[in-house]
Amino acid sequence: MSAATDNANVPAHVAIIMDGNGRWAQQRGLPRTVGHKVGVESVQAVVRAAQDLGVRILTLYAFSTENWRRPPLEVQALMGLLKSFLESELTAMVSNNVSLRSIGRKEQLPGPVREVLERVIAETAGNTGIILNLALSYGGRTEIVDAALAVAGRCRAGELAPEAITETFFADHLYTRGLADPDLLIRTGGERRLSNFLLWQASYAELYFIDTLWPDFRAEDLATAVRYYQGRQRRFGKTGEQVR
Ligand code: FPP
């Protein structure tokens, strides 16, 4: 039994790469889409657990720019799950004070998914509780290029000189503008890579990799990850003595 969670040192922003749905299903002789379906139950459990822990922002990597290359039927199933998740969770999000946001190229999503996504974002915009931030058709490099294009456009329009570009100014043009960087980045499913997720924002995130497949990841696994985070010393380039 590990130590209790320190309520005063909860990561404000937790980001998760939800990996392992396909393998979870294959291990049971089931179609991959069943893994995604059970993965939605993990999403529901983890949102509630994050809220209970006092996490302020939860970013979930639900669909990457690269995921469009998957078999069309799997893409269709994922889009269907996303749409039904948004439809069925709207009431709960409103009553639990959850505010939904998304990052990624929303315009690439099928029309009906985009519509429900925008509706839930609008209807929960005034909520002041946890921000559930879904990364959809998201790619870290695409995000950086989109920000560079926006900044270049402003320079060309004469709004600012290139020399005036700072890290803060650039970050204000990322999809995550207004959101603090992730403190803790979790990846389930055993791989130890970022897979194009929050490349700019994860600069100083604590990384937590776990073999558990996403459909098996539940509240107690999130609490374990948070305790791991609480055991780390974050130095942001300083020495251990400086931050003690
Ligand atoms: C990675 O597992 C998972 C995904 C590409 C999709 C994640 C989506 C969900 C959990 C469900 C929908 C999301 C929401 C927010 C309702 P994988 O298929 O790559 O697994 P594998 O590595 O075992 O093949």
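Indexing begins at 1, ligand by ligand and atom by atom, following the structure's order. One-based numbering along the sequence shown.
- For atom 5 (C) of ligand 1, the closest non-hydrogen atom of the protein is Asn67 OD1, 3.6 Å.
- Taking the six-membered ring where the residue is Trp, Tyr208 and Tyr228 present tilted rings, their angle falling between 30° and 60°.
- Counting heavy atoms from C-beta outward, Ile16 and Leu58 have side chains that approach closer than 4.5 Å.
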* Take Arg119 and Glu115, measure what salt bridge (charged side-chain N to carboxylate O under 4.0 Å, His left out) needs, and give me the verdict at the end. => CA-CA 6 Å; Arg119 181 154 49 86; Glu115 278 159 31; over 6 Å; no
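- With respect to atom 1 (C) of ligand 1, the closest heavy atom belonging to the protein is Met18 O, 3.1 Å.
- Here the protein heavy atom with the shortest distance to atom 6 (C) of ligand 1 is Ala62 O, 3.4 Å.
- Ligand 1 has at least one atom lying under 4.0 Å from a heavy atom of Arg32.
- Within 6.0 Å of CZ in Arg141 there are 12 or fewer heavy atoms belonging to other residues, nucleotides or ligands.
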* Asked: Checking side-chain contact (heavy atoms from CB on, under 4.5 Å) for the pair Thr176/Trp200: CA distance, chi angles, key distance, verdict?
  -> CA-CA 10 Å; Thr176 49; Trp200 172 286; over 6 Å; no
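- Checked against a 3.5 angstrom limit, the closest N/O atoms of Leu82 and ligand 1 fall outside it.
- The protein non-hydrogen atom at the shortest distance from atom 16 (C) of ligand 1 is Phe85 CG, 3.5 Å.
- Close to ligand 1: Arg70, with a non-hydrogen atom less than 4.0 angstrom away.
- Of the heavy atoms in Trp24, none comes closer than 4.0 Å to ligand 1.
- For Val40, the closest heavy-atom approach to ligand 1 falls below 4.0 Å.
- In terms of heavy atoms, Asp221 sits closest to Asp216 at OD2-O, 3.4 Å.
- Contact between Gly189 and ligand 1 is absent, with no heavy atom of the residue lying under 4.0 Å from the ligand.
- A parallel orientation is assigned to the rings of Trp214 and Phe217, their planes being inclined by less than 30° (bins at 30° and 60°).
- Within ligand 1, the atoms closer than 4.0 Å to a non-hydrogen atom of Trp214 are 10 (C), numbered from 1 in the order shown.
- Within a 6.0 Å sphere centred on CD of Glu167, heavy atoms belonging to other residues, nucleotides or ligands number 12 at most.
- Nearest non-hydrogen protein atom to atom 9 (C) of ligand 1 is Asn21 ND2, 3.8 Å.
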